[in-house]
Amino acid sequence: MKRRKNFILQFIFTSTLVVMLILAANVFLVSVVKLHARSNTSLKDYADSANTHVEITKANRGYIYDRSGNIIAQDNRTYNIICILDPSRPSVKGTVSHVDDAKYTAQVLSTILKTSEEYIYNFLIKDVYQTELGTAGRNLSRETMELIKSYKLPGIEFESSVKRSYPLGVFAPYLVGFAQSDETGSTIGKMGAEYYLDKYLRGTDGTRIYQADKNGYILPGMRENVTSAINGANVYLTLDKELQESLEQTFVLTNEQFNADRIWGAVMEVDTGKILSWGQYPSFDPNELDITDYNNYGAQLPFEPGSTFKTFAWAAAINEGAYEDRPLVYSGPYCYSAIDRNPYRVEKGGLGCINNAGRKNYGWQDYDYGLILSSNSITASLITELITPDIFLDYVKRFGFFQPVDTDGMREETGFLNYTWPSDKLALSYGQGSTVTMLQMLQAYSAVFSDGTMVKPYFIESIRYPYDENNIIYQAERTVVGNPITPETAKQLQDILYRVIYDEQGTAKYYKIPETEFIGKTGTTQLAVSGSYKSGKTIVSIIAGMPADDPKYMVYYCFEANYNKNAHFHTGPITSYLRKVAMRFNLTQSIQDEFDETTEEVVKKEIITYEMNNLINHSVEYAQNKLLEYDVDIIYLGEGNTVIDQYPKANSTVTTDQKVFLLLDTQGYYMPNMKGWSRKDVVGFWDVSGSGFKIDGFGLVTSQSIPADTYVNRYSEIEVVLE
C-alpha cells in the first residue's frame, strides 16, 4: 500500500513537471523565439508591431422626416478607392493582393469613373505602397463601388465614409439646421434640430478589437472583441412638405416683386401649435452651406410689428368689459399731454400728436373701425379712454410678449419693451417703439384665433427608436400656456378681424381668395435701426386665420423692403400662398344649403369632415371602398385601373358631398360637365388634371369652353365662367 502511494505521488510530480516544462517552452517560444507553437506561426510581426487593432464602426445618424414621412435629412454612405501598389504585399489564399496590371486596371476604372485612362494610369505606376485616385475616386455611390468590385481587380479596395445630405435642399434650414463631420469622422449637429437633438440623432459607434500582423492578417484562434454600433434615433418634424416648398417659392416671388432685403413667414395649426412651415429669405442650402446669416429671423429677429399688434389693444378693451356702450371716436390727429407719464387727449398742442398713415382723417367712427381702418389715433384713444396704458401693458404680457417662448431648443430673442414715456405707451398700441418676434406673434394669435386659449408653437413631433418605429422615445403634446382672453372676447374680436378683410374699407381687402373666407390683420411700420427709423424702409406684414368661421390655421408673412404705398395692393405672391394653404387642407364651410323636395324648403345640411386617405398607387376598387364612408362625389379622370393622382391630397380634409378627383390616366380623360360646380371644385379639378385653366368670375360654373364628354389631355386649355 505504501509503495502504491509513493507511485501515485511520483506520477503527479512527474506530470506537473512536464506541464511546467511545456508552459515554459511555450513562453520561451512566444517571448524569445516569437513562435506560436500550435499553429507554427511566427509572432514576430505581432510582437514587434504591438498590433492590437481597434476598428470603429460608425453608427448611422438618424433620419429627419416631415410630418408625412418625407426625408429631410439622411446619411449617405460614400466610398473612396484605395489602390495597393506594393508587390511585397502578401497574397491571400494564392490571390494577388496588389495592382499587378496597371494598364488593364486603368482601362476598367477610367470607363466606370468617366475619366481618362492616362489620368488613372499615372496614379497606378507610382512608387508608393498605396495611393488614392484624386477626386475621381472619392465619394462614390454604393452602386459604383459594387460595379468596380464585380471586376475583381487585384489591389483595388475601398474605404467608406458618411456624408450628411438634405435631399429637399432649401427646406426650412433654420429649423432643421445641418450636421458636419468632425476630425474623428463622426457627424455632429451644428445648428437647428440637428444640433438640439444631436444626442438622439448621432447614435453610438461600435468597435472591433483584434490582433493582426503588419499586413493586417489575423492569427488563427486569436481573440476578437466586437461591439455593434447602435444607429441614431429618427426624428419627425411637424413641417408639411407641400406648404414648406411653396413658402420657399413665395419668398422668391416676393423678392422679385419688391426687391426685399429680408422676408420671413410661417404657418401654424391654431389649436395645437404645430408649425407646418417656417422660413426666411435669404436662406441657404445645407448641402452647400452657402450661409451668410446664422440668425433665425422668426425667433432671433426682434422687430416692430406695426398694426398687426393693434389686435391686442382691442383684446384688452373687450375683455375688460370697456367696449360695451362705447361712444363714437374722432379719428383725426390724437394730440396729447400727460399726467404721471400717462398720456391723455387734448384738443391741440401738448406734447405731440399721433397721426394715421398718410395723415388720413376718417372723421367720427365706431371703435370697430379703428381696427378695420387701422387707425393709429383711434388705437391711442382706445388705450387711454376705454382702458388705461397699465391695463394694456398687463394684457400684452398675458399674451406672452417680451418673454421667451422656449420652443424645442430654438435660440430666440425676447424683444425689447420701451414703455416709460407717454409717447412710448402710445407707440406700443400701434406696434412701434418696442420689438417682438414672429414666434411670439404666433403664440399670441393662437388665443385670438381660437377660444382664447394660447398654445406654445412647436416643430418637433416625435423621436423614434431606429429599429422599431413603434417604440417612441419622445412624443410632443399640445401645451397650453395661458388664457389671456375669454371665448366671448375672442369671438367678438374675430368678427372685427373678419371685417378687416371683407369691409369695403378694410385694409386687407386685397388679400381675399376664392377658396375660403378668413380673418386677419395687416401691418406696416418703419424700420428701426440703432434707435432711429431708417429712411425709406418699411416692414410689411399680414397675419391670417382660416377659415373665418372656425380658424384652424394661421399664416404670418412679413417682409422688409423699400417703402411702397401699394404694398397691400400688390398681394399676388402672398395671396397665392394663402390659396395654397386653403387648398392643402381643403378648407370649406361647415354648413351648406340643400333643397328638401318633400317640404320644398331650403334646409341646412351638416357637413362632416374626414381626413383624406392616400389613394395613389392603389386600385380603383380600393379607392372606391375607402371613399364609401365619406359620402363624396367621385370624379374619375381617365379609364385606368390605378390611381395616379388625387385631390384632395392625403392627410388633408374631405367633407360630405365634396367632389373628389382621381386621375387614372396621364394621357387624357373625358371632360366632365362642370355646370353648377363651385370655384373650389374647379380648382381641385385643375390641380389634379394638369390641364391649363382660365377661370373668370365667382359663384358657380355657368359655361365651359370644352363640352362635356370631349376627350382632352393635359395640354388642353379650358376656360370656365362662374356667376
### Message
Within 45 degrees of the ring normal and closer than 6.0 Å to the centroid, is that where the cationic atom of Arg411 sits relative to Tyr195?
### Response
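Arg411 over Tyr195 ring: yes.
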
### Query
Regarding Arg262 and the six-membered ring of Phe559, is the cationic atom NZ or CZ under 6.0 Å from the ring centre and inside 45° of its axis?
no

With no hydrogens and no angle check, just 3.5 Å: does a side-chain donor-acceptor pair link [X] and [Y]?
| X | Y | result |
| --- | --- | --- |
| Tyr281 | Asn255 | yes |
| Ser307 | Ser374 | yes |
| Thr254 | Tyr557 | yes |
| Glu245 | Gln249 | no |
| Thr525 | Tyr430 | no |

For the atom pair [atom1] ([X]) and [atom2] ([Y]), what is the distance rounded to the nearest 0.5 Å?
| X | Y | atom1 | atom2 | value |
| --- | --- | --- | --- | --- |
| Thr311 | Phe449 | OG1 | CZ | 7.5 Å |
| Lys310 | Ser429 | NZ | OG | 8.0 Å |
| Phe416 | Thr414 | CZ | OG1 | 10.5 Å |

### Query
Would Tyr200 and Tyr474 count as a close aromatic pair, with their ring centres under 6.0 Å?
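Centroid separation for Tyr200 and Tyr474: 6.0 Å or greater.
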
### Query
Can you check whether Phe459 and Tyr196 have ring centres sitting under 6.0 Å from each other?
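Aromatic pair excluded; centres sit 6.0 Å or further apart.
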
What class does the angle between the rings of [X] and [Y] fall in, given that below 30° is parallel, 30 to 60° is tilted and above 60° is perpendicular?
| X | Y | value |
| --- | --- | --- |
| Phe284 | Phe178 | perpendicular |
| Tyr556 | Phe303 | tilted |
| Tyr65 | Tyr236 | parallel |

### Query
Counting only heavy atoms not in Arg67, do more than 12 fall under 6.0 Å of its CZ?
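Yes, the 6.0 Å shell around CZ holds more than 12 heavy atoms from other groups.
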
### Task
May I ask you to check whether over 12 heavy atoms, not counting those of Tyr502, lie within 6.0 Å of atom OH?
yes

Any donor-acceptor pair under 3.5 Å from [X] side chain to [Y] backbone:
| X | Y | answer |
| --- | --- | --- |
| Thr388 | Thr384 | no |
| Asn355 | Pro333 | no |
| Ser331 | Tyr362 | yes |
| Thr308 | Pro305 | yes |
| Lys456 | Asp406 | yes |

Under 4.0 Å between a side-chain nitrogen and a carboxylate oxygen: does that hold for [X] and [Y]?
| X | Y | value |
| --- | --- | --- |
| Glu194 | Arg61 | yes |
| Arg478 | Asp271 | yes |
| Asp75 | Lys163 | no |
| Arg499 | Asp495 | no |
| Glu269 | Lys552 | no |
| Lys274 | Glu461 | yes |

#### Entry: Pair Phe399-Tyr445, ring-ring contact (aromatic ring centres under 6.0 Å, His included): steps then yes or no
CA-CA 8 Å; Phe399 278 104; Tyr445 263 94; 8.4 Å; no

### Task
Apply salt bridge (Lys or Arg N to Asp or Glu O under 4.0 Å) to Lys537 and Asp261, showing your working.
CA-CA 10 Å; Lys537 294 287 185 180; Asp261 298 319; 2.6 Å; yes

